[in-house]
Asks: 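Below is the structure I would like to discuss, written out as structure tokens.
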Amino acid sequence: MRKIDLNNFQVATSETARDINSRIMLNLVRKHQPISRADLMRHSGLQRSTVSVITEQLIAERWLREGEVGQLPRGRRPTFLHLNEDRAGIFGINVRPFTTNMVLANLEGRFLEQESMVTPSSPDEFVKQIAERIQSFMKERPQMAYEGIGVSLPGRVDLSSQKFIFAPNLKWHEEDLKERLERATGLPVDLENEANACALSEFWFGRHSDSVSNLIAVAVSEGIGVGMILNGQIVRGPSGLAGEFGHVSINENGPKCGCGNRGCWEVFASNSAGVRYYTEAKLSKRNGKNHHDKTNVSFEDVLQLAEQGDLQALDALDRMAHYLGRGISMLVTGLAPDVIVVVGEVTRAWDRIGPIITDVVKQRSFTHPTTRIIASGPAPQPRLRGIIALVLQKHFSAPTIA
């Protein structure tokens, strides 16, 4: 049950039913395309006249397009409907401490253009460079209408002020990126935490059954973020800071975290932790010898070394997996979702780390959970796909009424 918020509600109007039915039509076409009007009627249960009026309106607004004509043994031959994937362009931006990736995607989330750059050290330079690139993309495709910009950030956004307020790994201070980017580009901007973007990517584009309405994404990168979709709705909390499990201390005597706390989950289970484990093992092994061994490594180096059978690299991944399991067991026991999806470069070693995570969860959870713990699917760059979904969901998600 969802309680009606009497301080923030929207009453139903004569347009409400049409808006809901239009979104149902869009989602049915997205899922079943190519699809005929007769099949839309059967899937939705709506009358033929209602389906006809709504589809014609969606075609006029360029959300749908007509495609090939079907074959029937008798009667009128159906004209199949598709999403008009080129109706709208959406810019997706994924900001990480060292690299920023940007894409232009169409209505179905397919990437049309991609570009990467070194993440600027200041928000001022970031806004300047992003605006220049977006304007360049728009000039190259003047025929396309642009829906907006979605930005995935390694931190949290305050819901009331829409300011970027918490990013211990990025080193940017509180910043009004939304207003500045909108002013620089002329397009609406949506900001979202990277873990929430990963959750949205799995929820909208992942290979899950329609019955999955409780999904958690654990985004493993320089830090750890948790995005939660519970009862079909993304959970942000009143301030937008919900989900910061990466900064829950699991050992108060552990290393200091960038947030100022000690022994946070991400200190033990992030990519940075994996690099630290490997470096410590190499330094210990040297013990005064082999001074030319490489210890200044990246997490990509650790993964490659593990793939080559390097024992220190494999041990580093095993330790990461153990601590990932400890944190995930907290999520399983406390929230009991249908699915927990682990996202990040570490999933390249899933055949090794997946069983370790599962075993730790079984050892530490006493609720006999049915939660499936899986690696993210084959879709590339889930943060970017999720931020595209964030922009699109205003047209495809259920409207908020009452």
Side-chain angles (χ1 to χ4, degrees), residues 90-105 109 111-137 149-157 164 166-173 175 177 180-181 184-185 189-201 217-225 227 246 258 266 269-276 278-279 294 296-305 307 320 342-349 376 378-391:
I90 306 99
F91 290 103
I93 301 168
N94 176 37
V95 183
R96 294 180 69 173
F98 303 108
T99 304
T100 292
N101 296 306
M102 184 172 72
V103 299
L104 171 62
F111 296 170
L112 305 176
E113 302 281 356
Q114 299 189 56
E115 192 169 317
S116 297
M117 67 181 190
V118 175
T119 300
S121 58
S122 73
D124 293 339
E125 187 61 26
F126 172 80
V127 171
K128 177 177 179 291
Q129 290 189 31
I130 289 296
E132 289 174 351
R133 284 164 167 75
I134 285 178
Q135 288 162 4
S136 175
F137 281 164
I149 304 169
V151 185
S152 167
L153 296 160
R156 295 289 168 171
V157 178
F164 183 41
F166 180 70
N169 293 310
L170 188 57
K171 310 300 184 186
W172 287 0
H173 299 295
E175 187 64 38
L177 286 179
R180 296 181 64 186
L181 280 171
T185 63
V189 173
D190 291 296
L191 308 181
E192 188 55 272
N193 164 260
E194 65 172 356
N196 287 346
C198 290
L200 284 168
S201 175
V218 177
V220 184
S221 57
E222 293 79 11
I224 288 183
E266 72 173 41
S270 64
N271 293 358
S272 302
V275 170
R276 188 177 74 252
Y278 176 80
T279 301
K294 183 181 180 183
N296 183 23
V297 298
S298 66
F299 188 66
E300 174 63 25
D301 294 327
V302 175
L303 285 173
Q304 290 183 8
L305 288 165
E307 290 165 356
M320 273 185 73
V342 180
V343 183
E345 293 87 350
V346 72
T347 58
R348 278 170 43 188
S376 57
Q381 304 197 55
R383 293 170 180 83
L384 285 167
R385 288 175 66 83
I387 209 67
I388 298 299
L390 177 70
V391 177

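Heads up: numbering here begins at 1 and tracks the sequence.
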Asks: Could you check if a side-chain atom of Val275 sits within less than 4.5 angstrom of a side-chain atom of Ser298, using non-hydrogen atoms only?
Replies: no
Asks: How far apart are the closest heavy atoms of Ala273 and Ala269, and which atoms are they?
Replies: CB-N, 3.8 Å
Asks: Test side-chain contact (heavy atoms from CB on, under 4.5 Å) on Val346 and Phe299; report intermediate values, then the result.
Replies: CA-CA 9 Å; Val346 72; Phe299 188 66; 4.0 Å; yes
Asks: So, taking the atom named CE in Met320 and the one named OG in Ser272, what distance separates them when rounded to the nearest 0.5 Å?
Replies: 9.0 Å
Asks: Is there a side-chain contact (heavy atoms from CB on, under 4.5 Å) between Thr185 and Phe91? Walk through the geometry before answering.
Replies: CA-CA 11 Å; Thr185 63; Phe91 290 103; over 6 Å; no
Asks: Partners of Arg276 by side chain to side chain donor-acceptor pair (under 3.5 Å), sequence neighbours excluded?
Replies: none
Asks: Who passes salt bridge (charged side-chain N to carboxylate O under 4.0 Å, His left out) against Arg96, sequence neighbours left out?
Replies: Glu222, Glu345
Asks: Mind running salt bridge (Lys or Arg N to Asp or Glu O under 4.0 Å) on Arg348 and Glu300 for me, showing each step along the way?
Replies: CA-CA 10 Å; Arg348 278 170 43 188; Glu300 174 63 25; 2.8 Å; yes
Asks: Enter the distance from Ile387:CD1 to Asp190:CG here, rounded to the nearest 0.5 Å.
Replies: 7.5 Å
Asks: Would a 4.5 Å heavy-atom cut-off, applied to side chains only, mark Val343 and Glu194 as touching?
Replies: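 No, their side chains stay 4.5 Å or more apart.
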Asks: Can you see which heavy atom on Val127 is nearest to which on Ala184, and at what distance?
Replies: CG1-CB, 4.0 Å
Asks: Do the non-hydrogen side-chain atoms of Asp301 and Tyr278 ever get within less than 4.5 Å of each other?
Replies: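 Result no, sub-4.5 Å side-chain heavy-atom pair not found.
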Asks: Find the distance between CD (Glu115) and CG (Leu104) and round it off to the nearest 0.5 Å.
Replies: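 Here the rounded value is 11.5 Å.
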Asks: From Asn193 CG over to Arg383 CZ, what is the distance, rounded to the nearest 0.5 angstrom?
Replies: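 These two atoms lie 10.0 Å from each other.
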Asks: To check you understand the geometry: which heavy-atom pair defines the closest contact between Gly227 and Ala195, and what is its length?
Replies: N-CB, 3.4 Å
Asks: Determine, step by step, whether Glu132 and Lys128 satisfy the side-chain contact (heavy atoms from CB on, under 4.5 Å) criterion, reporting the C-alpha distance in whole Å, the side-chain angles of both residues, the deciding distance to 0.1 Å, and the verdict.
Replies: CA-CA 6 Å; Glu132 289 174 351; Lys128 177 177 179 291; 3.1 Å; yes
Asks: Can you check whether Val189 reaches Arg180 side chain to side chain, under 4.5 Å on heavy atoms?
Replies: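 Contact flag for Val189/Arg180 side chains = no.
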Asks: Side chains of Asn101 and Ser116: do they bring a donor and an acceptor to under 3.5 Å?
Replies: yes
Asks: Which distance, rounded to the nearest 0.5 Å, do you find between the CG of Leu177 and the CD1 of Ile149?
Replies: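 Leu177 CG to Ile149 CD1: 11.5 Å, rounded to 0.5 Å.
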Asks: Roughly how far apart are Asn94 CG and Thr99 OG1, rounded to 0.5 Å?
Replies: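 If I round to the nearest 0.5 Å, the distance is 9.5 Å.
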Asks: For Met117 and Pro120, work out which heavy atoms get closest and say how close.
Replies: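 Taking Met117 first and Pro120 second, the nearest heavy atoms are CE-CD, 4.1 Å.
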